[in-house]
Amino acid sequence: MWTDLPIRRATVVPAIAAAVLAVITGAAVAPDPVGAASAPGGATVQGERFALTPGAGMVVADARAAAGSALLIWSNGTATASLTTTSAATLLTARVRGDQCNGAPAMTLRVDGKTVATTAVPQSTWTAASARGSWVAGTHTVSVAFTNDVKTAACDRNLRLDQVTLDATATTPQPPGPVVTNPLAGARFWVDPASQARQEIPRRAGNASAVAALNKIADQSNAEWYGDWVPASGLQSRVASRTGLAAAAGAVPVLVTYAIPGRDCGSYSAGGLSGPPAYAAWIRAFAAGLGGRKAVVVVEPDALAQLDCLSATARADRMAMLRDALTVLRSAPGAATYLDAGNSGWISADVMAPRLREAGIATARGFAVNVSNFNWTASEVTFGNRLTALLGGAHYVVDTSRNGLGPLGGNLGWCNPAGRALGTRPTTSTASAAADAYLWIKKIGQSDGDCGRGEPAAGSWWADYAIGLGSRAAW
């Protein structure tokens, strides 16, 4: 966050000068194209009437703004205002523009605490950014957040807000602008050409059925996990390398953070970093590796579901670390972040929802379900939809990597169960509008641990198990 106010204020001089010149000379300064005015029953509030995070900006003169002035947001902050409509509303439109600096400012729009749009603002002239929804008549709290502040010796990235309208219809056609619902819509998920499954194929030459099964895995996108085995000193470059390869291929990678202190309650996947300071440094290195590139980030599988094994102090520390992690990841404009929420057979939605709220789910895109588990997709969608309702509309992703034949059951039904199969391939075509994607989050072919039957250690490559999953897939 930048606090050098004299420098920041210098950025408003051109706008003020233009307004003064227009008054002195009587010249008309034409506004940039304006979005539709509020239709009957709708409401519009000017940017200068928004309450802004202290120290994050100021109202400036702007002859091209609708009312001759606008709100300049010069560091990460949130502007909030109330709008009262007399009819149900279906369209939120923010009239914004960005000061570009090594990329565009990232903006998040929320209504009544629910994120309705996250988008970059690459335009330097006023433009309409719209999001559709359904809001009853009455008073609503609308917020506009600037999330990726940057300042260099040569430039300064800022977000400028003219006005926000909440409306049922527009009286005139809207100018082109992003309508953001699912940030993953249309995404092609990145396939690692050097995956363990791909490397295993030459070793199975001559075994056609094994090769066919491995190809099913190798041809699909699978998440990459980062934990305490990747030190903070090398984490940024590792993440940057992966996201860079994906970006070059025009695809979106799926990444998992798995370094929370006290991980897995000391069980098969025990580990994690030494404490909150180490985790804070580690997650910042991870976020730095993302840069502005697109990625799906699943945050700390099992961290919330396993709270009950922690002391009160350790639980409070974990919640604080997760809140911090989601805040840090929010600064990466291309990241769609999902906090793990367990699965339908573990912690009930009524218990999990308050945990998600306490952990800061409002700053993430949503949550993830069924990570590394085997539950039917339909069960997880029901569970996810229940959480969505309890959380005011948060979206989610489902791990379908190994649920093609559902769960086996029993005490160790989660631990390398026999006879399972690959599930639905990664896709954004889902059974619920709240489900952004089905993903393969569990690393296919990696053991869940030595479950007392002589299996490889947790995280170890187990080719025969992977081949079994592929051979039993329904596709």
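Remember, it's a predicted structure, so these values are computed and weren't measured experimentally.
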Enclosure of Arg357 CZ (heavy-atom neighbours >12, cutoff 6.0 Å): yes
Hey, what do you get for CG (Leu322) to CE (Met319), rounding to the nearest 0.5 Å? 7.0 Å
Checking Thr139 against Thr84: is there a side-chain donor and acceptor pair closer than 3.5 Å? yes
Those residues at least two apart in sequence (or on a different chain) that pass salt bridge (charged side-chain N to carboxylate O under 4.0 Å, His left out) with Asp264 are none
So CD1 of Ile441 and CD of Glu224: to nearest 0.5 Å the spacing works out to 14.0 Å
For Phe367, the option from Thr337, Leu391, Asp340 that meets side chain to side chain contact (heavy atoms under 4.5 Å, CB included): Leu391
Does Val369 offer a backbone N or O that forms a donor-acceptor pair with the side chain of Asn343 under 3.5 Å? no
Contact between Asp156 and Asp99 at the side-chain level, heavy atoms closer than 4.5 Å - yes or no? no
Please check this pair: side chain of Asn370 against backbone of Glu380, looking for a donor-acceptor N/O pair closer than 3.5 Å. no
Does one side chain, of Asp399 or Ser401, offer a donor that lies under 3.5 Å from an acceptor on the other? yes
Test item: Arg355 side-chain N/O and Ala341 main-chain N/O as donor-acceptor pair under 3.5 Å: no
Under a plain distance cut-off of 3.5 Å, with no hydrogens placed, do Arg97 and Ser124 share a side-chain donor-acceptor pair? no
Ser372 meets the side chain to side chain donor-acceptor pair (under 3.5 Å) criterion, sequence neighbours left out, with none
Where do Val381 and Tyr438 land on the side chain to side chain contact (heavy atoms under 4.5 Å, CB included) test, with the steps shown first? CA-CA 10 Å; Val381 167; Tyr438 300 152; 3.8 Å; yes
Would you list the pairs meeting ring-ring contact (aromatic ring centres under 6.0 Å, His included) in which at least one residue belongs to residues 258-278, sequence neighbours left out? Trp225-Tyr258, Tyr268-Trp414
Main-chain N/O of Ala154 paired to Thr152 side chain as donor or acceptor, under 3.5 Å: yes
Any donor-acceptor pair under 3.5 Å from Thr327 side chain to Arg323 backbone: yes
Look only at the side chain of Asn222 and the backbone of Lys442, and say whether a donor-acceptor pair between them is shorter than 3.5 Å. yes
Kindly say whether Thr44 contributes a backbone atom to a donor-acceptor pair with the side chain of Thr165 at under 3.5 angstrom? no
Do Arg284 side-chain atoms and Ala280 backbone N/O form a donor-acceptor pair below 3.5 Å? yes
Compute whether any side-chain donor of one residue and acceptor of the other, for Thr93 and Ser130, lie under 3.5 angstrom apart. yes
Report yes or no: does Asp436 contribute a side-chain atom to a donor-acceptor pair with the main-chain N or O of Leu184 at less than 3.5 Å? no
Check: residues 289-304 side-chain donor-acceptor pairs under 3.5 Å, at least two apart:
from, atom 1, to, atom 2, distance (Å)
Arg293, NE, Thr243, OG1, 2.8
Arg293, NH2, Thr243, OG1, 3.3
Arg293, NH2, Gly289, O, 2.7
Glu300, OE1, Ala259, N, 3.1
Glu300, OE1, Ile260, N, 3.1
Glu300, OE2, Thr257, OG1, 3.3
Glu300, OE2, Ala259, N, 3.1
Glu300, OE2, Tyr279, OH, 2.7

Go through the structure and list residues passing side chain to side chain donor-acceptor pair (under 3.5 Å) with Asn373, not counting sequence neighbours. none
Derivation of the side-chain hydrogen bond (donor to acceptor under 3.5 Å, both in side chains) call for Asp62 and Ser69: CA-CA 5 Å; Asp62 189 325; Ser69 59; over 6 Å; no
Side chains of Met107 and Val144: does their closest heavy-atom pair fall under 4.5 Å? yes
Can you sort out the partners of Thr80 under side-chain contact (heavy atoms from CB on, under 4.5 Å), two or more places apart, ordered by chain and number? Thr78, Thr141, Ser143
Counting N and O atoms only, with roles assigned by atom type, does the side chain of Arg157 sit under 3.5 Å from a partner on the main chain of Cys101, one being a donor and the other an acceptor? yes
Taking every heavy atom of Trp229 against every heavy atom of Arg263, the minimum-distance pair comes out as CZ3-NH1, 4.0 Å
